[in-house]
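Remarks on the structure that follows.
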Amino acid sequence: MFAKFIESYSFFKIVLSPFIAGTVLGFALYQYLDQSQTGAVVFGIFIILGLIGGIIWAIQISGKYGAHHFISRTEASEDISEAVREDPKKSETADTDKL
């Protein structure tokens, strides 16, 4: 059950990125069109397109890699991991690495 929660949370994070981009772009166009009715329609369309695009992208990622695996790889700090691996004397977990 916990694994399903983590996978759902990761799926949500993937959907959120294009949704926010669509919202920001739609809002910018809404402001550019002087907050008219046309601007409101464009704003709504961009929000919906961002949401649909995010859902489609998240479904593709989930099918190919798994949402949690994708998010964990994109949020990993490779430079920190490499620095810890290079100098085990400086690592706080150096004594537990050999267990």
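Residue numbers count from 1 along this sequence.
Counting only residues at least two apart or in different chains, salt bridge (charged side-chain N to carboxylate O under 4.0 Å, His left out) contacts with residues 19-43 are absent. Within the structure, side-chain hydrogen bond (donor to acceptor under 3.5 Å, both in side chains) pairs that include any residue of residues 36-47 do not occur (at least two apart or interchain). Residue pairs satisfying the salt bridge (charged side-chain N to carboxylate O under 4.0 Å, His left out) criterion with at least one member in residues 18-30, sequence neighbours excluded, are absent.
Tracing side-chain contacts under 4.5 Å through hydrophobic residues (I, L, V, M, F, W, Y), one never reaches V42 starting from I47; they form parts of separate clusters.
Under a 4.5 Å side-chain heavy-atom cut-off, the cluster of Ile, Leu, Val, Met, Phe, Trp and Tyr residues that includes I6 is completed by F2, F5. In the hydrophobic clustering, where aliphatic and aromatic side chains (Ile, Leu, Val, Met, Phe, Trp, Tyr) are joined below 4.5 Å either directly or transitively, L49 groups with V41, I45. Alongside I48, the hydrophobic cluster contains I52, I56 (criterion: ILVMFWY side chains under 4.5 Å).
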Cut-off 3.5 Å, no hydrogens considered: what does the side-chain donor-acceptor table look like for residues 11-29, sequence neighbours left out?
| unit_1 | atom_1 | unit_2 | atom_2 | d |
| --- | --- | --- | --- | --- |
| K13 | NZ | E75 | OE1 | 3.3 |
| K13 | NZ | E75 | OE2 | 2.6 |
| T23 | OG1 | F19 | O | 2.8 |

Distance-only check: which donor-acceptor pairs under 3.5 Å involve side-chain atoms of residues 60-73, not counting sequence neighbours?
| unit_1 | atom_1 | unit_2 | atom_2 | d |
| --- | --- | --- | --- | --- |
| S62 | OG | A58 | O | 2.9 |
| S72 | OG | H68 | O | 3.1 |
| S72 | OG | H69 | O | 2.9 |

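Here the side chains of I59 and I55 are in contact, with some heavy-atom distance below 4.5 Å.
Scanning for ring-ring contact (aromatic ring centres under 6.0 Å, His included) contacts around F46 gives an empty result, with sequence neighbours left out. Qualifying side-chain hydrogen bond (donor to acceptor under 3.5 Å, both in side chains) partners for Q31, counting only residues two or more places apart in sequence or in other chains: Q35.
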